[in-house]
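To start, the structure itself, in structure tokens.
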Amino acid sequence: MKEKVLIIDDEVHIVELLKFNLETAGYEALCSYDGFDGFIKAKEEKPDLILLDWMLPNISGIEVLKKLRQDSDMRNIPVIMLTAKNMESDKVEGLEVGADDYITKPFSIKELLARITSVMRRYSILSKGEGEILSAGKLKLNLSKHEVTLDDSKVDLTLKEFELLRLLLQNKGKVLSRNFLLDEIWGYEYYGETRTVDVHIRYLRKKLEEAGAHDKYIETIRGVGYKIDL
């Protein structure tokens, strides 16, 4: 079965170009030309990946991304932002909301296809956990079920939060730098944009606290990064 890629972009010529090249590369390409329709189509089709333009009619791409990450059925669909916005602050905003990658227009089709392959590979590796359970105290992460529990109560995490916790647990006792975490989880290095790691760590800590965590599971090593050492 072909992997499905949903293109959400209001520029018809870009959609047609992407559709042609995706289908040539062996993907099934689905198309949408505005934010509202794109969100509905994502809900109906459950694509394997979404290419999402920032500037869209009806609902902006960043708002679509927020809705995707808030929806329990779609929060783990990988999203690559396609946009003419190239300011560092825009990239950070997209990453903080939950984009898996970010590519500015105009872009190379060859580079975009490579990015798609990279993102899908990371998701595939994560989804094919071999039943391994990682733990620290009362906190447990089940790779095959993609599930996190604290004292046997489920903790609802986004994919990025899950990946952060997985890396920290797999390297328990070791300090992981922000650059390492950024490179491992976002696929390649966003130099100078490590703030997005801090934001996701903050969200992760908050969810653990809301789930009843009394221990400080994630320790900040000032000027370096983070570790779990329970």
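Everything quoted here is computed from the prediction, not taken from an experiment.
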[Y]/[X] salt bridge by N-O under 4.0 Å criterion:
| X | Y | result |
| --- | --- | --- |
| Asp71 | Lys43 | yes |
| Lys160 | Asp100 | yes |
| Asp101 | Arg115 | yes |

Around atom [atom1] of [X], are there more than 12 heavy atoms from other residues, nucleotides or ligands closer than 6.0 Å?
| X | atom1 | answer |
| --- | --- | --- |
| Lys207 | NZ | yes |
| Tyr33 | OH | yes |
| Lys174 | NZ | no |
| Phe20 | CZ | no |
| Lys206 | NZ | no |

When the side chains of residues 5-16 are checked against the rest of the protein, which donor-acceptor pairs come out under 3.5 Å, sequence neighbours left out?
| from | atom 1 | to | atom 2 | distance (Å) |
| --- | --- | --- | --- | --- |
| Asp9 | OD1 | Glu11 | N | 2.8 |
| Asp9 | OD2 | Lys105 | NZ | 2.9 |
| Glu11 | OE2 | Lys105 | NZ | 3.0 |

For the pair Thr149 and Asn142, evaluate side chain to side chain contact (heavy atoms under 4.5 Å, CB included) and give the outcome as yes or no after the intermediate values. CA-CA 8 Å; Thr149 57; Asn142 188 309; over 6 Å; no
[X] side chain to [Y] backbone, donor-acceptor under 3.5 Å:
| X | Y | result |
| --- | --- | --- |
| Ser60 | Leu56 | no |
| Ser32 | Gly38 | yes |
| Arg75 | Thr158 | no |
| Thr220 | Arg222 | no |
| Asn21 | Leu17 | yes |
| Lys67 | Ile62 | no |
| Ser118 | Ala114 | no |

Shortest non-hydrogen pair, Glu161 vs His200, comes out as CG-O, 4.3 Å
message: Quick check: is Leu112 connected to Met120 through a chain of hydrophobic side chains (ILVMFWY, heavy atoms under 4.5 Å apart)?
response: yes
Test side-chain contact (heavy atoms from CB on, under 4.5 Å), reference Tyr226, set Leu164, Leu176, Val197, Val175, output is Val197
Here the gap from Ile77 atom CD1 to Leu49 atom CG, rounded to the nearest 0.5 Å, amounts to 9.0 Å
Using the rule given for side chain to side chain contact (heavy atoms under 4.5 Å, CB included), can you reason through Lys227 versus Ile221, listing the C-alpha separation, both sets of side-chain angles and the distance that settles it, and then say yes or no?
CA-CA 7 Å; Lys227 73 171 182 175; Ile221 308 302; 4.0 Å; yes
Sorted by chain and residue number, the salt bridge (charged side-chain N to carboxylate O under 4.0 Å, His left out) partners of Arg205 (sequence neighbours excluded) come out as none
